[in-house]
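Working notes, beginning with the structure itself.
A, B, ... follow the sequence lines: proteins, then strands. Residue 1 opens every chain. Keep in mind it's a predicted model, so treat the numbers as computed, not measured.
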Protein chains: 4
Amino acid sequence: MPRVSEEHLERRKQQILDAAQVCFARKGFAVTSMQDIFAESGLSAGAVYRYFKSKNEIIAALAFEAMAGLRSLMGELVHSDPLPTPAEVVATLAERIVDQSDPVGRIRLAPQVWALAVVDEETAVFVREAVHTMRGRWEEYAERMRAQGWLPADADTPAVAAALISLLPGFILQHLIVGDLTPEMLARGVRALMPYGEPVRPNEAP
Amino acid sequence: MPRVSEEHLERRKQQILDAAQVCFARKGFAVTSMQDIFAESGLSAGAVYRYFKSKNEIIAALAFEAMAGLRSLMGELVHSDPLPTPAEVVATLAERIVDQSDPVGRIRLAPQVWALAVVDEETAVFVREAVHTMRGRWEEYAERMRAQGWLPADADTPAVAAALISLLPGFILQHLIVGDLTPEMLARGVRALMPYGEPVRPNEAP
Amino acid sequence: MPRVSEEHLERRKQQILDAAQVCFARKGFAVTSMQDIFAESGLSAGAVYRYFKSKNEIIAALAFEAMAGLRSLMGELVHSDPLPTPAEVVATLAERIVDQSDPVGRIRLAPQVWALAVVDEETAVFVREAVHTMRGRWEEYAERMRAQGWLPADADTPAVAAALISLLPGFILQHLIVGDLTPEMLARGVRALMPYGEPVRPNEAP
Amino acid sequence: MPRVSEEHLERRKQQILDAAQVCFARKGFAVTSMQDIFAESGLSAGAVYRYFKSKNEIIAALAFEAMAGLRSLMGELVHSDPLPTPAEVVATLAERIVDQSDPVGRIRLAPQVWALAVVDEETAVFVREAVHTMRGRWEEYAERMRAQGWLPADADTPAVAAALISLLPGFILQHLIVGDLTPEMLARGVRALMPYGEPVRPNEAP
DNA sequence: CATGAATGAGGCTTCATTCAT
DNA sequence: GATGAATGAAGCCTCATTCAT
């Protein structure tokens with residue numbers, strides 16, 4: 001029978017995660033110290049450790065959130081009607097990504113999580129999970145493309161999904177690190193390469 | 001053993017970098033300790049510090065090599081004759097990437113470097129540099145695509161380059177973390193989306 | 001044990017300074033390791049570093065105290081009534097110095113501080129400050145000497161102050177290093193050279 | 001049967017001592033590393049270690065030289081004719097000290113040596129030795145003072161010597177650290193306090 | 001004789017975590 | 001529940017010294 005309300009606990013937890021997120025986005029998982037998180041959250045060491053057993057648990061929670069965020073990003077697009085072109089889908093996603101990449105935005109954690117997943121099996125597990133879910137969404141989309149006649153009847157839709165999904169990390173990195181790639185530009189490139197719905201197909205083989 | 005040859009020095013430096021590379025690929029920049037590198041290289045602390053002023057300098061050297069490696073990967077492809085389709089280019093690159101992703105392969109460092117670049121300006125500098133060079137190569141390729149009639153005459157080739165290059169990080173991550181994406185599968189997906197050179201274009205707009 | 005009293009904190013700080021003082025008096029600033037201080041204080045590394053940011057900060061605090069100690073030594077003497085002779089003043093100061101030169105006495109740090117001040121500007125700053133204050137006191141004394149008729153009316157009292165103050169480092173060093181110079185002996189020498197208040201002046205020029 | 005001439009060895013040794021002296025004067029014994037000395041001397045590690053068994057041996061050699069230098073400073077003054085007043089002696093010595101306190105001057109080592117002597121018995125040994133020799137010189141001087149009638153017949157000449165010698169460290173420190181005490185000023189102060197040879201004694205006792 | 005690469009103990013400091021209050 | 005002082009292992013790096021060449 002908890003003395004404090006469930007929501008109080010939840011609020012505290014979120015307060016810690018928010019602070020940690022700011023720190024991690026600023027300095028990365030490794031360089032951020034727990035003391036940084038104490039300071040940013042305004043809580044004491046003991047308080048933070050009441051809600052999270054370890055720094056790794058905070059990282060894991062945030063890594064999970066970051067992946068979940070990416071995953072949820074592409075939820076509804078699949079079912080839009082009429083079927084958006086790949087350029088349109090990509091543009092929409094890229095815009096959402098840009099929205100979340102302010103200095104404290106969740107997206108800034110994505111590259112940290114990927115790097116961690118390469119060397120840490122525990123992290124790899126739910127990155128894989130997130131990728132699989134996302135691929136599922138893209139597969140549905142690829143199937144609608146095929147139904148639309150945008151792909152051959154025998155097209156390998158999982159492969160198409162994998163290819164389309166591959167565009168996103170590249171956009172995120174170019175956006176976060178290089179900083180000069182806009183959603184519009186990406187969409188323009190994709191549209192040139194995959195001109196679905198364009199009045200004239202320019203790329204007929206000779 | 002003083003007065004050693006220039007190449008001895010170079011060999012030592014490489015010995016250290018190789019050892020560090022193994023450690024970093026295994027545990028990441030942050031978790032790898034200098035002791036790990038001493039042990040892996042078989043050298044003493046003092047010896048390593050004769051060649052590199054700090055752990056950061058080793059990381060920087062390796063990060064640089066990793067980006068340079070990625071960059072050099074796509075050197076000649078641009079000039080192949082006849083012009084390879086995007087699917088072919090991507091397949092070739094993906095194969096090279098796979099070749100280099102064994103436990104000690106340089107590619108395993110790429111995600112670490114990206115993560116670092118997001119929070120460390122110094123690293124960001126040469127990641128940017130590498131991206132710009134790579135984009136240059138892809139732009140040449142995009143221009144050849146246009147010349148070939150695969151892109152509209154007014155196609156935004158820098159945008160096309162940015163879009164195509166975006167595919168690679170996604171492949172690397174899916175390959176390293178999820179492990180189930182092969183070069184062939186990626187190529188299949190790309191070919192379905194960009195069927196240049198196919199006898200019949202299936203995806204005519206209605 | 002959080003939320004401790006202000007005085008607890010102060011006590012801890014003093015505990016550390018006391019331990020450091022013992023170590024420094026025994027082995028000098030350079031040879032004393034932080035481990036020595038941890039052991040002597042009975043505190044852990046982390047505890048010590050909670051109160052002092054670095055070894056240098058401990059040295060600085062102690063160096064400051066040592067100089068402040070010397071300075072405060074000669075506070076009241078100046079205003080004694082009737083005016084003590086230089087020999088009396090010097091004897092009194094030397095006695096106090098002897099009192100503080102037991103193995104844990106602050107005076108043992110003075111030579112360390114002087115040595116440091118020669119090569120470290122930061123230390124030099126407050127040694128200078130201490131010297132200036134002390135000279136001020138001696139100048140007041142010199143002025144009373146003049147008023148007493150012990151100095152010519154046009155005597156350069158700052159110069160007299162500098163000369164008198166010069167006797168102290170020499171006494172400290174001879175006491176600490178050679179060990180055979182007592183306050184009485186110094187006073188005897190000074191009295192022979194400056195026989196103020198003696199019934200007969202023996203040193204008339206021919 | 002040495003392959004190289006005796007004087008070559010001596011020259012090398014001096015070359016090393018000179019370099020070490022520069023380093024020590026600049027940064028102090030503790031902060032100066034052997035690598036600093038290698039660099040300053042232009043010799044290799046092996047070369048330096050051929051002439052000195054350890055860093056401590058270099059310090060000892062230089063500490064000895066520094067004390068010997070101080071000692072030799074006051075050699076001939078004692079026998080000057082006619083007998084110089086204390087103010088004159090002190091002025092002359094102070095001038096010599098100033099001459100040697102340029103950035104690489106031997107005098108800058110004196111405070112280092114004193115500090116070392118307080119904590120290191122080996123150093124203390126020859127500082128004591130130097131002090132004793134110097135006191136011997138000052139005693140001769142004090143005896144001449146007495147013969148001159150400047151001191152009472154029963155004056156404790158060793159005590160007078162100790163008192164006079166005490167003035168020097170104070171001058172050295174004020175000169176090196178505070179920087180505003182000139183030989184002239186010191187002499188003025190001493191003359192006011194010990195007006196030997198002045199036409200009129202102002203400080204007659206009542 | 002000289003070189004300078006190599007050693008490795010040990011120095012200073014940080015930081016995730018605990019627990020008495 | 002909350003606090004924050006305390007812990008101590010471990011990290012990075014320096015440096016006096018050696019010795020193969």
Side-chain angles (χ1 to χ4, degrees), chain A residues 2-4 8-9 12 30-39 42-59, chain B residues 1-5 8-9 12 30-38 41-58, chain C residues 1-5 8-9 11-13 30-38 41-58, chain D residues 2-4 8-9 12 30-39 42-59:
Chain A
R3 228 69 69 65
V4 297
H8 171 81
L9 292 177
R12 271 274 193 271
V31 176
T32 296
S33 71
M34 288 301 286
Q35 333 280 329
D36 289 336
I37 297 176
F38 304 153
L43 293 173
S44 67
V48 170
Y49 272 87
R50 171 163 296 281
Y51 297 96
F52 293 94
K53 275 213 301 288
S54 69
K55 181 180 177 182
N56 272 343
E57 203 173 289
I58 297 180
I59 291 176
Chain B
M1 65 199 70
R3 182 128 302 171
V4 298
S5 62
H8 170 86
L9 265 49
R12 271 275 187 273
V31 176
T32 296
S33 72
M34 288 304 286
Q35 295 297 333
D36 291 337
I37 296 176
F38 304 153
S41 67
L43 292 172
S44 67
V48 169
Y49 275 90
R50 167 170 290 277
Y51 295 93
F52 294 94
K53 276 210 301 285
S54 67
K55 181 180 178 182
N56 271 345
E57 202 172 291
I58 298 181
Chain C
M1 64 199 70
R3 181 128 304 170
V4 297
S5 63
H8 171 84
L9 265 48
R11 215 165 23 231
R12 270 274 187 274
K13 222 167 162 167
V31 176
T32 296
S33 73
M34 287 305 286
Q35 295 297 334
D36 291 336
I37 296 176
F38 304 153
S41 68
L43 292 172
S44 67
V48 170
Y49 273 89
R50 166 169 291 278
Y51 295 92
F52 293 94
K53 277 211 300 287
S54 68
K55 182 181 178 180
N56 271 344
E57 203 172 292
I58 298 180
Chain D
R3 225 71 71 62
V4 297
H8 172 81
L9 292 176
R12 272 272 193 273
V31 175
T32 296
S33 72
M34 288 302 284
Q35 334 280 327
D36 290 335
I37 296 176
F38 304 153
L43 292 173
S44 67
V48 170
Y49 272 88
R50 170 163 298 279
Y51 296 95
F52 293 94
K53 276 213 301 287
S54 70
K55 181 179 177 182
N56 272 343
E57 204 172 289
I58 297 180
I59 291 176

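- Ranked by how close their nearest DNA chain F nucleotide is to the 5' end, C:Gly42 and B:Gly46 are led by C:Gly42.
- Residue B:Ser44 has a polar side-chain atom (N or O) positioned under 4.0 Å from OP1 or OP2 of E:dT7.
- Counting only heavy atoms from C-beta on, D:Tyr49 has its side chain closest to F:dT18 among E:dG4, E:dC12, F:dT18.
- Rounded to an integer number of Å, the gap from CG of B:Leu43 to P of E:dG8 is 11 Å.
- Rounded to an integer number of Å, the gap from C:Arg11 CZ to F:dA6 P is 11 Å.
- The 5' end of DNA chain E is approached more closely, in terms of each residue's nearest nucleotide, by B:Val48 than by the other of B:Val48 and C:Thr32.
- With rounding to whole Å, D:Lys55 atom NZ is found 15 Å from F:dT14 atom P.
- Between B:Arg12 and E:dA6, a side-chain N or O to OP1/OP2 separation shorter than 4.0 Å is present.
- Considering only heavy atoms from C-beta on, C:Leu9 stays 4.5 Å or farther from C:Arg12 through its side chain.
- The separation between A:Asn56 atom CG and E:dC15 atom P is 15 Å, rounded to whole Å.
- Taking C:Ser54 as the reference, C:Asn56, C:Glu57 meet the side chain to side chain contact (heavy atoms under 4.5 Å, CB included) condition, with sequence neighbours excluded.
- Put simply, C:His8 has a side-chain N or O that comes within less than 4.0 Å of OP1 or OP2 on F:dA6.
- Residues B:Ala47 and B:Tyr51 come closest through the heavy atom pair O-CD1, 3.0 Å.
- For B:Arg50 and F:dT17, the CZ to C1' distance is 13 Å, given to the nearest whole Å.
- Consecutive pairing runs in DNA chain F reach the stem threshold at E:2-21 with F:2-21, where a stem means at least three Watson-Crick or G-U wobble pairs with distances under 3.5 Å.
- Of all nucleotides listed (F:dA5, E:dT17, F:dC13), F:dC13 comes nearest to the side chain of B:Ala45.
- One atom, CE of A:Met34, and another, P of F:dG4, lie 16 Å apart when rounded to the nearest Å.
- Put simply, CZ on B:Phe38 is 13 Å from C1' on E:dA6, counting in whole angstrom units.
- In this view, C:Arg11 and C:Glu7, C:His8 satisfy the side chain to side chain contact (heavy atoms under 4.5 Å, CB included) rule, not counting sequence neighbours.
- Separating the CZ atom of D:Phe52 from the P atom of F:dA16 is a distance of 15 Å, rounded to the nearest angstrom.
- Considering every non-hydrogen atom in both D:Val48 and D:Ile58, the closest pair reads CG1-CD1, 4.1 Å.
- For the pair C:Ala47 and B:Tyr51, both in contact range of DNA chain E, the more 5′-proximal nearest nucleotide belongs to B:Tyr51.
- Distance check, rounded to the nearest 0.5 Å: CD1 of B:Ile37 to CG of B:Leu43 gives 11.0 Å.
- Scanning atom types as modelled, no donor and acceptor separated by under 3.5 angstrom connect the side chain of B:Gln35 and the base of F:dA10.
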